[in-house]
Amino acid sequence: MELSNNTILLTGGTSGLGYEFARQLLDLGNTVLITGRDQNKLDQTKKKLPNVHTFQSDVSDPQAITQLFETVTKQFPKLNILINNAGEMRKLNLIDPVIDQENVNREIAINLSGPVRMVQQFLPHLMAQQAAAIVNVTSGIAFVPFPLAPIYGATKSGLRAYTQALRVQLKKTNVKVVELVAPGAKTPLNDKFEGDVDSRMMMEPDKLIAVAIKGMMKDKLEILPGIAGILKYLSRIAPNFLFNQMSKIAEKSLARPTVRQAQLAVL
Ligand SMILES: NC(=O)c1ccc[n+]([C@@H]2O[C@H](COP(=O)([O-])OP(=O)(O)OC[C@H]3O[C@@H](n4cnc5c(N)ncnc54)[C@H](OP(=O)(O)O)[C@@H]3O)[C@@H](O)[C@H]2O)c1
């Protein structure tokens, strides 16, 4: 895949992997459009990357996706690459009585329904371009359930399955379907998981995205930076071992009192 002179729409470009994607794709001579919910974060990103185009848009809101499509395709009719990167990951204790019933499945709306809706909205436009691509950012967690973030894990396995199915359906079109299976990385997404996962296992975002871009240039359809490849391999040869390791992390973390429980204990 040629990775210069494209017009690229990247969801969640104000932080972590999305920010790095935007920075490196701009350096390669692409027109880069990013989204995010927080206008302040978009403004800060624009200051750091003056050539980036910012759009406030929530990928979990179907109306916002329609609006985004109308705005960006009018301003950037050559848009030919969509990167579904925006995502959220929460530590959830499913037996916590104060769990928010309405929001328990919030990650499904952002991480799974969001990319599916984005693809459905932008696909006719992408198919009308000479060469186009859709990149979905999944996770090493797609290979094994992660009991500490149960909804997140379900969304990433689901997104991986959807991406593979989409690739088959688009086989005879001009739209390539790429999956970036990201391993753990040092981004704000993991702030809530400090102490749960060894940070030495986490990849630097700039290195991870450099591997992703190199993979895309080599026309790889499944890109597995860092330990993502090891996770895939282990999920095949030793799935129970891998699941037990993930379960131990969850059990240890959930056994620790939450900040609120600690506060109540002091009172
Ligand atoms: N970091 C890791 O260890 C890791 C590992 C595997 C996979 N991934 C995946 O990589 C992707 C990027 O993660 P990250 O680590 O870079 O996270 P991050 O640093 O927390 O950044 C997330 C980005 O997504 C945006 N975002 C969140 N919800 C959104 C929504 N509803 N609509 C639009 N934008 C939204 C955020 O901006 P706003 O908050 O302003 O909306 C932000 O720009 C995610 O899909 C994540 O699941 C990350």
Side-chain angles (χ1 to χ4, degrees), residues 9-24 32-46 48-49 52 54-65 67-68 82-91 103 105-118 135-144 146 148-149 151-160 162-163 179-194 196-209 211-212 223-229 231-232 249:
L9 173 61
L10 166 68
T11 63
T14 59
S15 163
L17 303 184
Y19 175 83
E20 263 310 311
F21 244 138
R23 190 181 70 76
Q24 296 188 29
V32 179
L33 287 48
I34 62 163
T35 71
R37 292 164 300 182
D38 185 337
Q39 187 60 48
N40 206 20
K41 277 158 74 179
L42 287 163
D43 294 342
Q44 292 304 317
T45 307
K46 178 84 185 157
K48 288 192 257 175
L49 306 173
V52 86
T54 61
F55 297 87
Q56 189 180 31
S57 186
D58 182 344
V59 82
S60 69
D61 175 355
Q63 280 181 349
I65 290 179
Q67 171 111 54
L68 177 71
L82 166 65
I83 304 181
N84 283 308
N85 165 77
E88 186 176 77
M89 180 182 191
R90 288 177 303 164
K91 196 190 283 198
N103 271 323
N105 60 357
R106 197 169 74 208
E107 285 124 307
I108 298 177
I110 300 172
N111 304 356
L112 184 57
S113 300
V116 171
R117 286 200 179 104
M118 286 291 289
V135 181
N136 288 339
V137 181
T138 67
S139 162
I141 299 296
F143 297 124
V144 54
F146 186 31
L148 192 53
I151 312 300
Y152 178 83
T155 66
K156 291 297 176 181
S157 301
L159 185 58
R160 175 169 165 77
Y162 164 75
T163 304
E179 180 185 2
L180 169 59
V181 188
K186 292 176 187 162
T187 73
L189 180 111
N190 279 312
D191 287 352
K192 291 161 253 160
F193 291 83
E194 221 183 299
D196 295 322
V197 184
D198 189 345
S199 63
R200 286 171 302 179
M201 304 278 282
M202 305 267 184
M203 215 169 163
E204 294 294 343
D206 57 341
K207 294 206 174 90
L208 194 161
I209 294 304
V211 174
I223 304 170
L224 296 150
I227 64 160
L231 288 172
K232 183 177 180 184
I249 295 173

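Counting starts at 1 for both ligands and their atoms, following the listed order.
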* Would you confirm whether T11, through its side chain, and N85, through its main-chain N or O, come within 3.5 Å as a donor-acceptor pair? =>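 Answer holds: yes.
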* Asked: Within the distance-only criterion (no hydrogens, no angle test), does the side chain of K46 pair as donor or acceptor with the backbone N or O of V52 below 3.5 angstrom?
  ->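 Checking the backbone N and O of V52 against the side chain of K46, a donor-acceptor pair under 3.5 Å is found.
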* To do: Could you tell me the separation between the CD atom of Q56 and the OG1 atom of T35, rounded to the nearest 0.5 Å?
  =>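 If I round to the nearest 0.5 Å, the distance is 10.0 Å.
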* Atom pair CD/OG of Q67 and S57 - distance to nearest 0.5 Å ->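 That separation rounds to 8.0 Å.
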Show which atoms of ligand 1 fall inside a sub-4.0 Å distance from at least one heavy-atom site of [X].
| X | value |
| --- | --- |
| G87 | 22 (C), 24 (O), 27 (C), 44 (C), 45 (O) |
| P183 | 3 (O), 4 (C), 5 (C), 6 (C) |
| S15 | 16 (O), 18 (P), 19 (O), 21 (O), 42 (C), 43 (O) |
| G36 | 34 (N), 41 (O) |
| I110 | 28 (N), 31 (N) |
| G16 | 16 (O), 19 (O) |
| Y152 | 6 (C), 7 (C), 8 (N), 9 (C), 46 (C), 47 (O) |
| N190 | 1 (N), 2 (C), 3 (O) |

Please state which part of [X] comes within less than 4.0 Å of ligand 1, counting heavy atoms only: side chain, backbone, both or neither.
| X | result |
| --- | --- |
| Y19 | neither |
| T14 | both |
| S57 | backbone |
| N111 | neither |
| M89 | neither |

Among all protein heavy atoms, pick the one closest to [atom] and tell me residue, atom and distance.
| atom | answer |
| --- | --- |
| atom 32 (N) of ligand 1 | V59 N, 2.9 Å |
| atom 7 (C) of ligand 1 | T138 O, 3.3 Å |
| atom 29 (C) of ligand 1 | R37 NE, 3.4 Å |
| atom 25 (C) of ligand 1 | G12 CA, 3.5 Å |
| atom 1 (N) of ligand 1 | T187 OG1, 2.9 Å |
| atom 35 (C) of ligand 1 | A86 CB, 3.6 Å |
| atom 6 (C) of ligand 1 | A182 O, 3.1 Å |
| atom 17 (O) of ligand 1 | L189 CB, 3.4 Å |

* Asked: With K91, which residues qualify under salt bridge (charged side-chain N to carboxylate O under 4.0 Å, His left out), at least two apart?
  ->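 Partners of K91 by the salt bridge (charged side-chain N to carboxylate O under 4.0 Å, His left out) criterion, ordered by chain and then number, come out as D196.
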Proximity flag [X] to ligand 1, non-hydrogen atoms under 4.0 Å:
| X | value |
| --- | --- |
| K41 | yes |
| T11 | no |
| E20 | no |
| G114 | no |
| I141 | no |

I'd like to check whether [X] has a polar contact with ligand 1, where a contact means an N/O of the residue lying under 3.5 Å from an N/O of the ligand.
| X | value |
| --- | --- |
| G140 | no |
| L17 | yes |
| N85 | yes |

Sub-4.5 Å side-chain heavy-atom contact between [X] and [Y]:
| X | Y | value |
| --- | --- | --- |
| P225 | M203 | yes |
| N111 | L159 | no |
| L189 | E88 | no |
| F143 | L224 | yes |
| V32 | F21 | no |
| Y19 | T187 | no |

* Can E204 and K207 be counted as an ion pair, charged N to O under 4.0 angstrom? ->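 Looking at E204 and K207, the cut-off is not met.
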* To do: Indicate the atoms forming the closest heavy-atom contact of I223 with A212, along with that distance.
  =>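 Scanning both residues completely, I find the closest heavy atoms to be CD1-O, 3.4 Å.
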No-hydrogen, no-angle side-chain donor-acceptor test under 3.5 Å, [X] and [Y]:
| X | Y | result |
| --- | --- | --- |
| N136 | T163 | yes |
| E107 | T155 | no |
| Q39 | D43 | yes |
| E20 | Q24 | yes |

